Amino acid sequence: MDAITKNLTAAQAEAVTHIDGPLLIIAGPGSGKTRVVTHRVAHMLSQGVRPWQIAALTFTNKAAEEMRTRLDLLAPGQPVWMGTFHRFCAQQLRRYASYVGLAENYSIYDMSDSKSAMKRAIQAAGVSTSHATPEQIASAISNAKNRLITPEIMQQQSGRASDSVAARVYPVYQQQLLLANAVDFDDLLYHFACLLRENPEVRSELDAKLKYIMVDEYQDTNLAQYAIVRAMSVDHPNLAVTGDPDQSIYGWRGADLNNILDFEKDYPSVKTVRLEQNYRSTPNILAVADQLIRHNRRRKAKELYTENADGDNVILRQYEDGYQEADAIADEIAAQMIAGQAEPRDFAIFCRMNALTRSLEHALRNRGLPYQIINGVEFYQRKEVKDLLAYLHLINNPSHDVALQRVINTPTRSIGATTVGRLQAFADAERIPMLEAARRASEIDTMSKRAQTMLKSFVTLYDRLRKKATASLEDLLRFLVEETKYIEFLERTGVEKEDSNPIANVDELVSAAVEFDRMHPDDGSLEAFLEQVALVSDTDKFEDSGNRVTLMTLHAAKGLEFPRVFVIAVEDDLLPHYRSKQDDQQLEEERRLLFVGITRAQQWLQLSYAKRRSMRGDIRVVIPSMFLSELPRADMNVIESQTDRDFFDDGADESYPDSWDLVQEPSPPEQAEQEYKGDDTSVIPEIYRDPFVSKPKPKRTKPTITTALQTASDLLSSDRVPLGAYREGSVVRHPEYGDGTITEVTGRGPKRTAKIRFSEDQSEQTFRLAFAKLELLDTGGD
DNA sequence: TTGCTACCTGTCTTG
DNA sequence: CAGGTAGCAA
């Protein structure tokens with residue numbers, strides 16, 4: 001026993017000291033899995049294993065970074081390869097690109113890229129979408145790739161109608177991707193797996209080079225990932241996998257639970273270590289989690305236990321509706337913070353769908369509580385960012401047809417759908433990329449002279465940009481924005497943009513480029529930047545640096561832990577999701593999802609549901625999740641909704657939280673905000689500084705006339721006049737219309753509206769008070 | 001041929 | 001509620 005193993009339990013040490021031969025670590029939640037993995041690497045290094053012989057594969061960049069950080073504490077600066085499956089495959093494919101028909105500068109299509117590529121392929125295949133939507137076709141093809149089914153094999157299998165449609169699109173789609181020198185996410189795994197299968201010399205070379213392979217979250221591997229790992233562990237079967245069948249939540253994207261359940265069959269000489277002691281949660285939380293997961297049939301029995309001290313009971317709480325839920329949770333967070341028990345970073349709020357974070361967001365913002373949302377509208381998905389990235393993609397890879405179609409008329413250059421369609425037809429006929437087709441525009445006889453001229457000038461612009469390809473990213477981006485007059489384009493078209501600030505996003509992208517230049521002084525190529533961008537996910541943006549409440553989906557929560565956790569909307573049709581209720585396996589996966597959520601909590605946990613919830617416009621009566629009835633009441637406090645407000649009595653206004661309505665009575669939430677601000681103001685502005693935090697989105701309700709923004713700073717600024725101060729006779733000033741007098745006030749909450757007669761031209765306009773940029777000059781009353 | 005508006009439809013989780 | 005599409009005006 002050396003220094004590395006001395007602080008470990010017997011089971012942990014057993015796993016850490018096992019170097020050669022297959023190893024299966026069944027690691028329950030909070031069992032110190034990362035600790036074991038990093039100590040194991042450190043131990044291997046101390047025993048003479050060379051760092052470049054080790055590769056650790058994870059599912060998220062976050063997990064890889066965590067591993068890297070913790071290993072650096074034990075064995076600083078060792079070049080052990082750590083990263084996601086997708087990044088690993090992307091790098092290998094750069095080396096072996098020609099083996100699968102790609103060039104080394106191939107592009108990685110993101111979801112929306114592959115979606116448009118799919119649509120084009122469906123068209124080109126001449127397939128009708130009346131029996132299968134493009135999404136269904138895409139999903140069938142994705143499933144095929146995850147199971148390493150080639151287009152030829154898929155065509156031979158006479159499956160369901162949607163499959164046979166997909167089988168016809170599949171080869172066309174792959175053909176077009178190859179022509180565009182591009183891959184989708186599934187291809188990264190698929191191509192590399194096929195490469196290993198068809199090229200024994202490459203396989204054995206990598207097997208020998210990477211003698212020690214580790215896979216994290218092995219329960220989430222699909223067949224392609226399984227095959228990749230398997231292929232690299234034939235001559236040197238020193239494969240160590242960690243996982244927990246109870247935390248498998250990616251079945252819907254091809255993960256095969258059998259990979260871990262049958263690991264012992266695949267590798268007969270395997271050593272299996274079970275880590276069952278939990279170091280994270282209180283016994284109460286663990287008991288609830290354990291009782292829940294016992295209802296699953298397809299699992300390996302596991303005894304979870306902890307020596308941690310008893311904690312608070314788990315709270316199961318009912319609310320009237322989603323808004324009350326949001327307000328009450330925000331109040332609870334504020335209260336726990338004021339009581340000095342906790343700070344924002346201690347809290348996490350989990351939900352099944354991203355859409356559910358909206359009301360929470362609003363409630364937290366109203367109280368000045370700093371928060372971060374892990375998904376939402378992702379920075380790299382925003383239109384202006386995607387536009388500029390598309391230019392970069394096209395500069396890096398002239399065959400990138402999806403990028404070309406995005407930028408060819410952005411900013412508008414009078415190259416419309418018809419022209420693009422003809423260009424595409426010509427490209428398809430000649431089997432050339434569309435940019436190449438544009439160069440030969442004069443050969444396209446169906447095309448008007450005008451369109452040909454426009455295409456020519458686009459190609460000229462492109463060639464000018466392309467000359468800058470080897471400059472620094474910052475220079476390239478600035479040149480690009482300048483040459484395309486992109487800012488002017490945004491200013492011209494973005495007048496009605498009410499959320500987000502597109503120009504600020506452009507600046508943010510430039511900052512990201514500057515940062516990348518700085519971090520990669522040597523290898524800072526355009527290609528590396530684009531790969532980086534393609535392979536970061538929303539989940540990876542989680543940072544513990546800022547002191548903020550975290551909102552995220554249950555899927556994103558895996559692998560993380562928080563002292564205090566709320567799981568919201570534990571309701572039938574949401575959790576379990578209604579599309580999962582038909583199928584037993586899917587239902588069990590939903591149960592595991594809740595299990596993952598519960599086991600993130602260290603000391604305090606609340607599960608909640610509402611009596612009714614408004615979903616996509618209308619309000620529905622809610623049935624609590626069946627999972628709630630499976631939980632042991634001994635470790636829980638069940639709290640039903642106290643207030644019994646009659647929903648229909650109040651009409652539509654009920655659907656807005658009370659805090660909107662500052663007119664009638666000062667609501668408790670506002671008081672909470674005041675108190676909290678007095679207590680500690682330092683945390684509040686922080687959220688608005690961090691460029692990588694999703695910006696608080698203003699409520700989407702469109703103002704009737706005004707284009708004024710309801711910005712977060714408006715909501716937070718203490719000098720904001722309460723809406724109740726606006727009444728008939730008040731004199732106000734509007735930035736555009738000048739001074740005027742309120743002639744009429746109607747509505748409540750966000751709908752509270754004032755009619756204003758402006759003195760300048762005697763015109764009368766109507767404004768929503770919550771949104772209009774009005775300055776109150778005289779209340780006109782007492 | 002382009003660009004805008006109004007309607008319609010689907011409906012989740014992600015590298 | 002939001003993105004995509006169809007239909008219409010310029």
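These numbers were taken from a predicted model, which means no experiment stands behind them. Numbered from 1 within each chain, the chains take letters A, B, ... in sequence-line order. Values reported hereafter were calculated over all heavy atoms of this structure, with side chains retained and with hydrogens, waters and symmetry mates removed.
Across all strands shown, A/Ser448 has no heavy atoms under 4.0 Å from either base or sugar-phosphate atoms. Residue contacts shown for A/Ser580 are absent, as no nucleic acid heavy atom lies under 4.0 Å away. Within 4.0 Å of A/Phe85, counting heavy atoms only, lies no atom of the nucleic acid at all. When heavy atoms are screened at a 4.0 angstrom cut-off, A/Lys558 is found touching no nucleic acid atom at all. At a threshold of 4.0 angstrom between heavy atoms, the contacts of A/Asp186 include nucleobase atoms, whether or not backbone atoms are also involved. If you check every strand for non-hydrogen atoms under 4.0 Å, A/Ala417 touches sugar and phosphate atoms only. At the heavy-atom level, A/Ile108 lies nowhere under 4.0 Å from the strands shown. The residue A/Arg422 sits close only to the backbone: its heavy atoms come under 4.0 Å of sugar-phosphate atoms, none of a base.
The separation between A/Arg87 atom CZ and B/dT14 atom P is 18 Å, rounded to whole Å. Between the CD1 atom of A/Ile249 and the P atom of B/dC12 there is a distance of 17 Å, rounded to whole Å. The distance from atom CD of A/Glu531 to atom P of B/dG15 is 16 Å, rounded to the nearest whole Å.
Within the structure, every side-chain polar atom (N or O) of A/Asn222 is placed at least 4.0 Å from both OP1 and OP2 of B/dG15. Under 4.0 angstrom from either OP1 or OP2 of C/dT5 there lies at least one side-chain N or O belonging to A/Lys119. Within the structure, a side-chain polar atom (N or O) of A/Thr553 is placed less than 4.0 Å from OP1 or OP2 of B/dT14.
Judged by the 6.0 Å distance and 45° axis criteria, A/Arg253 is positioned over the aromatic ring of A/Tyr250. Within the cation-pi definition used here (under 6.0 Å to the ring centroid, within 45° of the axis), A/Arg94 qualifies as a partner of A/Tyr106.
C/dG4 and B/dT13 are spaced 22 Å apart, taking the C1' atom of each and rounding to whole Å.
Looking at A/Met626, A/Arg579, A/Arg352 one by one, the single match for side-chain contact (heavy atoms from CB on, under 4.5 Å) with A/Glu590 turns out to be A/Arg352.
A salt bridge between A/Asp216 and A/Lys33 is present, with a side-chain N of the basic residue lying under 4.0 Å from a carboxylate O of the acidic one.
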